[in-house]
Each structure stands twice: as structure tokens, then as C-alpha cells.
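The structure appears right after this line, and notes come after that.
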Amino acid sequence: MNESSRLLRIVVPIAVGIAFLLLWEGSVRYFGVREFLLPAPTRIAQSLIENFGSLMGSLWITLRITIVAFFLACVGGVGLAILFSQSRAIEMALFPYAVILQVTPVIAIAPLILIWVGFDRTQLALLILAWIVAFFPILSNTTLGLLSADHNLRDLFRLYGATRWQVLTELQLPSATPYMLAGMKISGGLALIGTVVAEFAAGSGTSTGLAWRIVEAGNRLDIPKMFAALLLLSLLGITIFFGLAWVEHSLLKRWHESAIRRER
């Protein structure tokens, strides 16, 4: 990919975004749309500046829960996937329950989790719910990657007397790395979504994350503040996605076909 193509990939989306914001601003002003229906981008920016302190404090709470949930999902998902790859019996016994955990709507079990952990420990409930949402993609992708290691190479390892640990660390884990990173890229966004949905369902309690700021602003018909909080959530999600995409590319660019740049 040459420099002009890279520049276009950056400039074109930015230009489209600016054009959209200008159209939005102009339409709201021209048609006289009321603020409680759709505020102008300049009004949203003003609200963001006015409420910057409280919104950034809530952003930190949401980010902290998301990061911890994602980390626990990575540790638990990869660890359980390794266990599955070493024992088909364990996989057959536990994998269906992981699927059940994944397909159960978080918003339906949020009140129950909140009752179990206590209304004074809302952040722990949010962490559990975000972990439930983020856990399965890592488990599923990593398990698939570990089981997809080349069987010919596995037989060759055994022919030379390699132990199960050597097969795992020197063959299965390297071959599963692209699958694992893909699962993590999905899981990072899901951890944020899980945190937000869980806070919508659980209410505030001792937590005042961005989701609760959105609910609070909606109840007060402070729509510019609601949009400001939504903007921060979107930027946080974009940052998480591109951060994990950068990690994926950095780890794979020297050896895996999916990340090696070729001339088209």
C-alpha cells in the first residue's frame, strides 16, 4: 500500500464525518429543531465542556470495569480453552454451559446478580455481567485455534518424543494466536457493551458510569448532555477496537498471512 492510499484511508473518512456534522448543524438550525429532540453538534460540544468533570469521572468508572472484565475474560477464556484442548471429556462436559452463559440475556439476569452481590456493591455486579458477555468469544476462538493446529506437525512432534507441554507451547498456542487475538478484539467491544447494558439494568447504586449519566440526562431531558455521554462512549469503543487491532497487527505482521502487507 503506497503513501497516497494510506493518506486517502485517513482523509476520506474524516472528510465524510465533517460533512455529516456540517449537514447536521445546518439542518437543525434551518428547520428549527428543538434541543430536546435533536441538539446541534455545537450544543453537544458545549455540554461536553460544561459537564467535562462529571462525564470524565463516569468515563473512568466505565473504563475501569471494562478493562478488568476484559482481563478476566482473557485469563478465564484462554485458560479454559487450553483445558478443553487437553481433554475432550472436559470440553464435552463444560462447553454447553459456556454456550448457555453466552446466550442468556445479560439484562435478564442483571437484577439477580445485583441481589446476590448486594445493592451496595453495584460495581462488582457490573463486573460480573461484563465478564459474562466478554468471556465466550475468547473461549470459542481460542479453543478453535488450539484444535486447528496442523495434525501432521502434531504427529511429527510426537514422533520426536515431545511432551504434551511442548506440543501445547511450541505448536498449539502459536497456531492459535491469530484466533485468540481475533476473539480478544471482539471481546474488548463486548466488555464495554456489557458494562453499559448492565448499568442500564442495574441502576446506579454505588456506580455512576456513563450509562447512568445517559439515564440521568434523559430523565431530566438534558439531551445535549446525553449526546455528550454517548459521544464519549463511542470514542471509548473506537479506542478499544483500534488499540486491540494494533496489538493484533503488531504480533502477527512478521509471520501471519492475515497481517502481511502485499501489493495488490
Are Thr142 and Tyr179 close enough that some pair of their side-chain heavy atoms sits under 4.5 Å apart? no
Close side-chain approach of Leu192 to Thr62, heavy-atom, < 4.5 Å: yes
With a 6.0 Å cut-off (strictly less than), is the heavy-atom count around CG of Leu156, excluding the residue itself, greater than 12? yes
N/O donor-acceptor pair under 3.5 Å between Ser250 side chain and Trp246 backbone: yes
Just to verify, which of Val167, Leu153, Asp150 counts as forming a side-chain contact (heavy atoms from CB on, under 4.5 Å) with Gln172? Val167
Got Ile193 and Val133 here, is their nearest side-chain heavy-atom distance under 4.5 Å? no
Is there a path of hydrophobic side-chain contacts, each under 4.5 Å between heavy atoms, that joins Phe242 and Leu59? no
Are the side chain of Glu25 and the backbone of Thr42 linked by a donor-acceptor contact shorter than 3.5 Å? yes
Would you say that Met184 contacts Cys74 through its side chain, given a criterion of any heavy-atom pair below 4.5 Å between the two side chains? yes
Under a single-linkage definition using a 4.5 Å side-chain heavy-atom cutoff for Ile, Leu, Val, Met, Phe, Trp and Tyr, are Val28 and Tyr30 assigned to the same hydrophobic cluster? yes
Working for side chain to side chain contact (heavy atoms under 4.5 Å, CB included), residues Ile214 and Leu233: CA-CA 10 Å; Ile214 293 173; Leu233 274 178; 3.6 Å; yes
What orientation do Phe136 and Phe95 show, parallel under 30°, tilted 30 to 60°, or perpendicular over 60°? tilted
Same cluster or not: Phe31 versus Phe36, using hydrophobic residues (I, L, V, M, F, W, Y) connected whenever any side-chain heavy atoms lie under 4.5 Å apart? yes
Apply side chain to side chain contact (heavy atoms under 4.5 Å, CB included) to Arg88 and Leu147, showing your working. CA-CA 10 Å; Arg88 282 286 182 171; Leu147 297 178; 4.0 Å; yes
I'd like to check Glu50 versus Lys225 (side-chain heavy atoms, cut-off strictly below 4.5 Å). Are they in contact? no
Test side chain to side chain contact (heavy atoms under 4.5 Å, CB included) applied to Leu168 and Leu146, step by step: CA-CA 8 Å; Leu168 173 65; Leu146 290 170; 4.2 Å; yes
Please test Val75 against Leu72 for side chain to side chain contact (heavy atoms under 4.5 Å, CB included), starting from the C-alpha separation and ending with a verdict. CA-CA 5 Å; Val75 173; Leu72 294 177; 5.7 Å; no
hydrophobic_cluster_shared for Ile100 and Leu80, side chain cutoff 4.5 Å: no
Please check if Trp165 and Val78 belong to a single hydrophobic cluster, counting links between Ile, Leu, Val, Met, Phe, Trp and Tyr side chain heavy atoms closer than 4.5 Å. yes
Can you confirm whether Leu230 sits close enough to Met226 that some side-chain heavy atom of one is under 4.5 Å from a side-chain heavy atom of the other? yes
Heavy-atom check, side chain of Ile82 versus side chain of Leu173, under 4.5 Å: yes
Does the side chain of Ile223 reach to within under 4.5 Å of the side chain of Leu37, using non-hydrogen atoms? no
Got a sec: does the CZ of Arg64 have more than 12 other heavy atoms crowding it under 6.0 Å? yes
